**Q** 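Submitted below is the structure of interest, expressed as structure tokens.
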Amino acid sequence: MRKLIPTMAAALMLAGCGTPKVATHGPRAPRTGHAIFSAAGCASCHTLGAAGASGDVGPNLDQAKPSAAQVAAKLRSGGGGMPSFSGRLSPSQINTLAHWVASVASGK
Ligand code: HEC
């Protein structure tokens, strides 16, 4: 199963639905964690109850309960089948998204 994950992720990216383009500036740029999660397509790969997401390519974030620092690091560098979002989201969007995911995933 582990070996399948990068293949599935690559297929999703080729299909163009895994990582949609997100506005990083201007009035159309999403600014809340929930909006950024939706706009960036995290839901196509991850389960996160607070976002109504049930993807199963990557880890279930409700179970992984990553800290904000872990989410931010993963978003910047990607790896293991997870695309990097450093060129797709602004640093402040990454920060907002990381804190939102960490807070809703931990249930705090
Ligand atoms: C194309 C599929 C895909 C997309 C889109 C995606 N991820 Fe991932 N993500 C993965 C995979 C696969 C892993 C596991 C990587 C590993 O094992 O190192 C992962 C790992 C993670 C982790 C680490 C989980 C842990 O157990 O520590 C976090 C946090 C995360 N993703 C958040 C996000 C967020 C937030 C988004 C939206 C900006 C996102 N991901 C978009 C596939 C994806």
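All ligand and atom numbering here is 1-based and tracks the order in the structure. For clarity, every value in this text was computed on a predicted model and none was experimentally measured. Worth knowing before you read on, the calculation uses all heavy atoms, side chains too, and leaves out hydrogens, waters and symmetry mates.
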**Q** Under the side chain to side chain donor-acceptor pair (under 3.5 Å) test, which residues partner Ser84, sequence neighbours left out?
**A**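 By the side chain to side chain donor-acceptor pair (under 3.5 Å) rule, Ser84 matches Ser86.
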
**Q** Show me which atoms of ligand 1 lie under 4.0 Å from any heavy atom of Lys74.
**A**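 Listed by number with element: 15 (C), 16 (C), 18 (O), 20 (C), 21 (C), 22 (C), 23 (C), 28 (C).
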
**Q** Measure from atom 8 (Fe) of ligand 1 to each N, O or S atom of His46 and report whether any distance is below 2.8 Å.
**A**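 Checking His46: at least one N, O or S atom is under 2.8 Å.
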
**Q** Measure the CZ-CG distance between Arg88 and Leu75 for me, rounded to the nearest 0.5 Å.
**A**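 Interatomic distance, Arg88 CZ to Leu75 CG, rounded to 0.5 Å: 10.5 Å.
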
**Q** From atom 7 (N) of ligand 1, work out which of Met82, Arg88, Gln70 has a heavy atom at the shortest distance.
**A**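 Minimum heavy-atom distance to atom 7 (N) of ligand 1 goes to Met82.
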
**Q** Show the atoms of ligand 1 that are less than 4.0 angstrom away from any heavy atom in Gly41.
**A**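 Counting atoms of ligand 1 from 1, those under 4.0 Å from Gly41 are 5 (C).
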
**Q** Does Gln93 reach the main-chain N or O of Ala23 with its side chain, forming a donor-acceptor pair under 3.5 Å?
**A**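 Such a contact is found between Gln93 side chain and Ala23 backbone.
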
**Q** With a 4.0 Å heavy-atom cut-off (strictly under), which part of Ala64 contacts ligand 1: side chain, backbone, both or neither?
**A**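 Ala64 to ligand 1: side-chain contact only, backbone stays beyond 4.0 Å.
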
**Q** So among Val22, Thr24, Asn95, Ile36, which one has a side chain to side chain contact (heavy atoms under 4.5 Å, CB included) with Ser90?
**A**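 Testing each of Val22, Thr24, Asn95, Ile36 against Ser90, the sole residue satisfying side chain to side chain contact (heavy atoms under 4.5 Å, CB included) is Thr24.
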
**Q** Check Ala98 against ligand 1 and report side chain, backbone, both or neither, counting heavy atoms closer than 4.0 Å.
**A**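 Under 4.0 Å from ligand 1, Ala98 contributes no heavy atoms.
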
**Q** Is any side-chain heavy atom of Leu61 less than 4.5 Å from a side-chain heavy atom of Thr47?
**A**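 Not touching, per the 4.5 Å side-chain cut-off.
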
**Q** Counting heavy atoms only, which part of Ile36 comes closer than 4.0 Å to ligand 1: side chain, backbone, both or neither?
**A**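 Looking at Ile36 and ligand 1, no heavy atom falls under 4.0 Å.
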
**Q** May I ask you to list the atoms of ligand 1 that are less than 4.0 angstrom from any heavy atom of Ala40?
**A**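 Result: 38 (C).
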
**Q** Taking only residues two or more places apart in sequence, or in another chain, which ones meet Ala43 in a side chain to side chain contact (heavy atoms under 4.5 Å, CB included)?
**A**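 Checked Ala43 against side chain to side chain contact (heavy atoms under 4.5 Å, CB included); matches are Phe37, Ala53.
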
